[in-house]
S.K.: 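Can you read through this structure? Questions will come right after.
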Amino acid sequence: MGPKRILVKNQGNVAKKPKLSGHWSLGLLDAMKDPECVVKEDDTVVVIKDKYPKAEFHYLIAPKEDISSLKKVDKTHIDLLEHMQELAETIVNDNQHKDKSFRMGYHAEASMVRLHLHVISNDMNSNALKTKKHWNSFTTDFFLDSKEVCKQLKEEGTVTLPSAETCKKLLDTPLKCHKCEYIPKHMPDLKKHIMTHVQ
DNA sequence: GTTCTAGAAC
DNA sequence: GTTCTAGAAC
Ligand SMILES: Nc1ncnc2c1ncn2[C@@H]1O[C@H](COP(=O)(O)O)[C@@H](O)[C@H]1O
Ligand SMILES: [Zn+2]
């Protein structure tokens, strides 16, 4: 009789990367200081490449000012958010990106610390896009259009965010193609389907 | 946020 | 038996 195999939980890589900011939710703060991640910056904001891009092009624009999330945004930040929107437009109109369709917006409930604007190509074609939550975070009202956020901030002096319960529902919305009426059976089916829209 | 994997769904 | 997803991670 051979020895019994016992299942041992993967203890993770032995060689850990050098200690960064600590918790995973602070990762953007490190990325903003890492020249390998930074695409562009000016006095007030930094553009970084999303480390787990959910489309062929995916950038994050974050302020240097310590604003943890959209919840902390008020009318004093109008100029900043408009600047982020304008910079996003500059990026999507440059030679590298002008032939693709992009969306710019904020997740209603972000996981990562430091306010950040998603600038993402509309193909949604990426290996890092794996879950229903990923999909719905960019294709439902969980994704708050940047221009509309700016508009509301200007006109009403505040940004209305969906409740935690609403966010949960939005992220659990049944899968649907963002470009046609197709209802996929599951994520792998959806990922295969969206390839039919990629030129 | 991601990774990993147990157990559901097929 | 294989594919897929949901939830723990100290
Ligand atoms: N260390 C990191 N550097 C750059 N981007 C990251 C890092 N960790 C997570 N992300 C991305 O940051 C975004 C955070 O999503 P959210 O907080 O929901 O707006 C996601 O698109 C992640 O892929
Ligand atoms: Zn479609």
Side-chain angles (χ1 to χ4, degrees), chain A residues 4-34 36-39 45-64 66-73 84 88 103-121 124-144 146 149 161-178 182-196:
Chain A
K4 271 195 178 171
R5 289 201 175 269
I6 49 167
L7 245 147
V8 179
K9 248 205 285 186
N10 188 333
Q11 300 292 306
N13 292 331
V14 176
K16 289 253 169 72
K17 291 217 171 137
K19 182 93 175 166
L20 299 172
S21 286
H23 195 254
W24 57 262
S25 62
L26 303 174
L28 295 189
L29 304 181
D30 293 313
M32 290 169 70
K33 295 181 216 142
D34 182 348
E36 297 231 326
C37 303
V38 175
V39 172
V45 301
V46 181
V47 184
I48 60 174
K49 283 189 88 145
D50 193 291
K51 190 176 179 183
Y52 307 95
K54 306 305 187 297
E56 287 175 19
F57 295 98
H58 190 179
Y59 305 99
L60 303 174
I61 305 184
K64 291 184 174 178
D66 179 14
I67 303 168
S68 59
S69 76
L70 254 197
K71 287 177 193 157
K72 294 284 154 72
V73 165
M84 290 163 70
R103 306 188 65 213
M104 290 91 100
Y106 300 87
H107 279 166
E109 220 170 39
S111 296
M112 303 298 285
V113 167
R114 185 57 59 87
L115 178 70
H116 52 278
L117 172 61
H118 289 269
V119 180
I120 184 167
S121 57
M124 306 308 281
N125 172 32
S126 165
N127 288 331
L129 196 159
K130 298 175 176 176
T131 68
K132 176 191 251 192
K133 183 175 177 178
H134 288 153
W135 183 259
N136 284 331
S137 75
F138 290 101
T139 63
T140 69
D141 287 342
F142 187 86
F143 192 82
L144 305 174
S146 168
V149 168
L161 299 173
S163 68
E165 193 194 5
T166 301
C167 286
K168 203 178 160 203
K169 276 184 190 155
L170 288 169
L171 293 173
D172 203 38
T173 302
L175 296 175
K176 183 190 170 299
C177 178
H178 63 321
Y182 185 68
I183 308 291
K185 288 185 175 62
H186 41 56
M187 279 306 293
D189 185 17
L190 174 57
K191 288 178 66 67
K192 186 180 160 197
H193 169 80
I194 60 176
M195 292 306 292
T196 66

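In what follows, every chain begins at residue 1, and chains take the letters A, B, ... in the order their sequences are listed. The figures that follow rest on heavy atoms only: side chains count, while hydrogens, waters and symmetry mates do not.
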S.K.: Hey, can you pull the residues of residues 185-194 of chain A with a non-hydrogen atom under 4.0 angstrom from DNA chain C?
M.R.: A:His186, A:Met187, A:Pro188

S.K.: Look only at the side chain of A:Lys191 and the backbone of A:Leu129, and say whether a donor-acceptor pair between them is shorter than 3.5 Å.
M.R.: yes

S.K.: How long is the span from the CG atom in A:Leu70 to the CG atom in A:Leu144, to the nearest 0.5 Å?
M.R.: 6.5 Å

S.K.: Any idea how A:Tyr59 and A:Phe57 line up, ring-wise: parallel (<30°), tilted (30 to 60°), or perpendicular (>60°)?
M.R.: parallel

S.K.: Output the rounded distance in Å from CG (A:Asp30) to C1' (B:dG1).
M.R.: 13 Å

S.K.: Can you tell me the distance, in whole Å, between the OH atom of A:Tyr106 and the P atom of B:dG1?
M.R.: 18 Å

S.K.: Hey, does the side chain of A:Asp189 reach the backbone of A:Pro184 with a donor-acceptor pair shorter than 3.5 angstrom?
M.R.: no

S.K.: Quick check against the 3.5 Å criterion: does A:Ser126 have a side-chain atom that pairs as donor or acceptor with the backbone of A:Pro53?
M.R.: yes

S.K.: Can you give the dot-bracket line for DNA chain C, using ( ) for pairs inside the strand, [ ] for pairs that cross earlier ones, | for pairs with another strand and . for unpaired bases, where Watson-Crick and G-U count if both distances are under 3.5 Å?
M.R.: |||||||||.

S.K.: Without decimals, in angstroms, what is the distance between A:Trp24 CH2 and B:dC4 P?
M.R.: 17 Å

S.K.: Once you round to the nearest 0.5 Å, how far does CG of A:Leu190 lie from NE2 of A:His178?
M.R.: 8.5 Å

S.K.: Could you check how far NZ of A:Lys132 sits from P of B:dA9, rounded to whole Å?
M.R.: 13 Å

S.K.: Distance only, no hydrogens: is a donor on one side chain within 3.5 Å (strictly under) of an acceptor on the other, for A:His134 and A:Ser137?
M.R.: no

S.K.: Classify the nucleic acid contact of A:Lys130 as base, sugar-phosphate or nothing, counting any heavy atom under 4.0 Å across all strands shown.
M.R.: sugar-phosphate

S.K.: Can a side chain N or O of A:Lys133 be found less than 4.0 Å away from OP1 or OP2 on B:dT2?
M.R.: no

S.K.: B:dG1 C1' sits how many Å from A:His23 NE2, rounded?
M.R.: 9 Å

S.K.: Measure CG/A:Leu29 against P/B:dG1 and give the value in whole Å, please.
M.R.: 16 Å

S.K.: I need the CG-P distance between A:Leu28 and B:dT2, as an integer number of Å.
M.R.: 11 Å

S.K.: Assign A:His134 to base, sugar-phosphate, or nothing according to its heavy-atom contacts below 4.0 angstrom with the strands shown.
M.R.: sugar-phosphate

S.K.: Check whether A:Lys54 reaches the backbone of A:Trp135 with its side chain - one donor and one acceptor, N or O, closer than 3.5 Å.
M.R.: no

S.K.: Is a donor on one side and an acceptor on the other found under 3.5 Å between the side chain of A:Arg114 and the backbone of A:Lys64?
M.R.: yes

